[in-house]
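Here is the naming used below: chain letters follow the sequence lines, and residue numbers restart at 1 for every chain.
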Protein chains: 2
Amino acid sequence: MRILLADDDDQLQRALRITLAARGYEVVAARDGAEAIDLAANAHPDLILLDLGMPKVDGLDVIRAVRAWSKVPILVLSGRTDSAEKVDALDAGADDYVTKPFAMDELLARIRARARSTSGEADAAAYAIGSLTVDLAAKTIRSTDATGHATSVRLTPTEWRLLELFLKNPGKLLTRQMLLSEVWGPFHANDAGYLRLYVAQLRRKLEPTPSEPRFFLTEPGMGYRFEPGAIEATGA
Amino acid sequence: MRILLADDDDQLQRALRITLAARGYEVVAARDGAEAIDLAANAHPDLILLDLGMPKVDGLDVIRAVRAWSKVPILVLSGRTDSAEKVDALDAGADDYVTKPFAMDELLARIRARARSTSGEADAAAYAIGSLTVDLAAKTIRSTDATGHATSVRLTPTEWRLLELFLKNPGKLLTRQMLLSEVWGPFHANDAGYLRLYVAQLRRKLEPTPSEPRFFLTEPGMGYRFEPGAIEATGA
DNA sequence: GCCGATCCTCACGGACCCCTAACGCCTCCT
DNA sequence: AGGAGGCGTTAGGGGTCCGTGAGGATCGGC
């Protein structure tokens, strides 16, 4: 669980960083709006804690910029208490709004509530790719072949992000745009070369016969598709 | 958008009901915890506005009961401002917590935020062409024949664009001009040859008997028509 | 400061999709 | 009945996209 902490108040940022780290969260810090947008795109946070009163880019614009490509939960912190600002932030795409000063345990509870709503995909589920068993939470892949010989497959972080998208959308077509935005950030939506490379890596590591993919299928001109079961293709 | 309003305060309930109805929400009201649980199960609300201080069943138990089977957003209203109660409600499964008295426009904004987070799901509109099932979002066409053997049909990007137009205009006549400009752009409105080719492709891949089209019908001199159901031709 | 792993760049061969062209059949008009 | 136009079908070429390999750049750990 990675949290992007965007706040220009040194004291508050240090306090939050310590508290969040103690709860097991990984914290990435930004000091202004531009940095917040950049890190939201490249650091892959699972939640964003955003102070509205930061320099360089207005807080509302940060929300709108992030919402243009991502659905990551955004929790706004602000010293302003007037409801007009709350309404603007929420309607721009924020998911929650907490006014300073706030009780730390309430903030943590609201973070848990937001985290709960996104991880609802039953993460304990084990996915199967042929004879391989994938555990997304533990980041492990084990093989249970006939010999009882247990072998494990190692994936790099980028490969995991890509595989996660495939596993969570079984049978669905994933366009190049969607895959590139999710894995490499919205500013690399045209670098199709990345995809070719990493899909090839996944196939080499996970497909029984990498040259004849059974699970990671190419849809020419559109994108890729993860096909968990065996389905015969008809129609020529 | 249906909202379950669970509050035992007559005055507040009336005010909220009027305000919500004016915004286009459908309101279902409950006066105590037991009724709230019952309506949450049977009225299928899209969001629950829950007052914690209701008789019969404790508010926290209402949250836990609903969360036992449903992920519907729960927005808690409460007069208590101590953070311990907020933490308990949020950790029990509530998605947001507003303390009374509150600004009405803020509450409405928070309702919109919660509604936004759930609206994206379950839009897998499935179309049927004979024994085939088409999912436009996932770009899949599946058929389960009598043997239970699952087969899939693959379409090219251009074929998908054309099929999408047909499916979204069932029974309606689509002129060549309209089809050509939608699929190939307004500069190819005269290249009728494209259409002949790709309609033939769709028929070959989707029609049970391509030489005798049942779904993709030709309207001579005008264009094509997609007929979803089995229609008996009457009249001379 | 060295080393390994990971990520990205670049180029080439091949597959697939889209479009062009031509031919046979049908319907409608004259 | 003859001719014309529209529609369906087939085959083939050009161009774009995809797969693959090697090599350099960058980051973190020891």
Can you tell me the distance, in whole Å, between the OH atom of B/Y224 and the P atom of D/dG6?
-> 13 Å

For A/P157, which residues count as a side-chain contact (heavy atoms from CB on, under 4.5 Å) partner, sequence neighbours excluded?
-> none

Among all residues two or more places apart in sequence or in another chain, which pass the side-chain hydrogen bond (donor to acceptor under 3.5 Å, both in side chains) test with B/R176?
-> none

Residues in residues 177-184 of chain B with a heavy atom under 4.0 Å of DNA chain C, by number, are B/W184

Residues in side-chain contact (heavy atoms from CB on, under 4.5 Å) with A/S70, at least two apart?
-> A/V66, A/V72

Of all residues at least two apart in sequence or in a different chain, which pass the side-chain contact (heavy atoms from CB on, under 4.5 Å) check with A/A92?
-> A/L60, A/I63, A/R64

Rounded off to whole Å, could you give me the CD-to-C1' distance for the B/Q201 and D/dG8 pair?
-> 12 Å

Mind checking side-chain hydrogen bond (donor to acceptor under 3.5 Å, both in side chains) for A/Q177 and listing every partner two or more places apart, or none if nothing turns up?
-> none

Is a side-chain donor-acceptor pair under 3.5 Å present for A/T133 with A/Y127?
-> no

Starting from P on D/dT20, measure out to CG on A/L195 and report it in whole angstrom.
-> 14 Å

Under the side-chain contact (heavy atoms from CB on, under 4.5 Å) test, residues paired with A/A189 that sit two or more places apart = A/S181

Once you round it to whole Å, what is the distance between P of D/dT20 and NZ of A/K205?
-> 15 Å

Integer-rounded Å distance: D/dG19 P and A/R204 CZ = 12 Å

Pairs touching residues 152-171 of chain B that satisfy ring-ring contact (aromatic ring centres under 6.0 Å, His included), sequence neighbours left out | B/F166-B/F216

Measure the distance from CG on A/L197 to C1' on D/dA22 and round it to the nearest whole Å.
-> 11 Å

Has A/R203 got a side-chain N or O lying under 4.0 Å from the OP1 or OP2 atom of D/dG19?
-> yes

Degree of bending in the helix from C/dG1-D/dC30 to C/dT30-D/dA1 once both end axes are built from five pairs, to 10° | 30°

Going 5' to 3' on DNA chain C, which nucleotide is the first and which the last to come under 4.0 Å of a heavy atom in chain A?
-> C/dT6 to C/dC17

Atom pair distance, as rounded to whole Å: CZ in B/F216 and C1' in D/dG8 | 16 Å

Which of these passes side chain to side chain contact (heavy atoms under 4.5 Å, CB included) with A/Y25: A/R2, A/R17, A/M1?
-> A/M1

Whichever of A/Y198 and B/Y194 has its nearest DNA chain C nucleotide further upstream toward 5' = A/Y198

Which part of the nucleic acid, if any, lies within contact of B/G193, taking any heavy atom under 4.0 Å across all strands shown: a base, the sugar-phosphate backbone alone, or nothing?
-> nothing

Mind calculating the distance between CG (B/D191) and C1' (D/dG6) to the nearest angstrom?
-> 16 Å

With sequence neighbours left out, which residue pairs that include part of residues 33-87 of chain A fulfil the ring-ring contact (aromatic ring centres under 6.0 Å, His included) condition?
-> none

Could you list the residues that satisfy salt bridge (Lys or Arg N to Asp or Glu O under 4.0 Å) with A/R225, not counting sequence neighbours?
-> A/E219

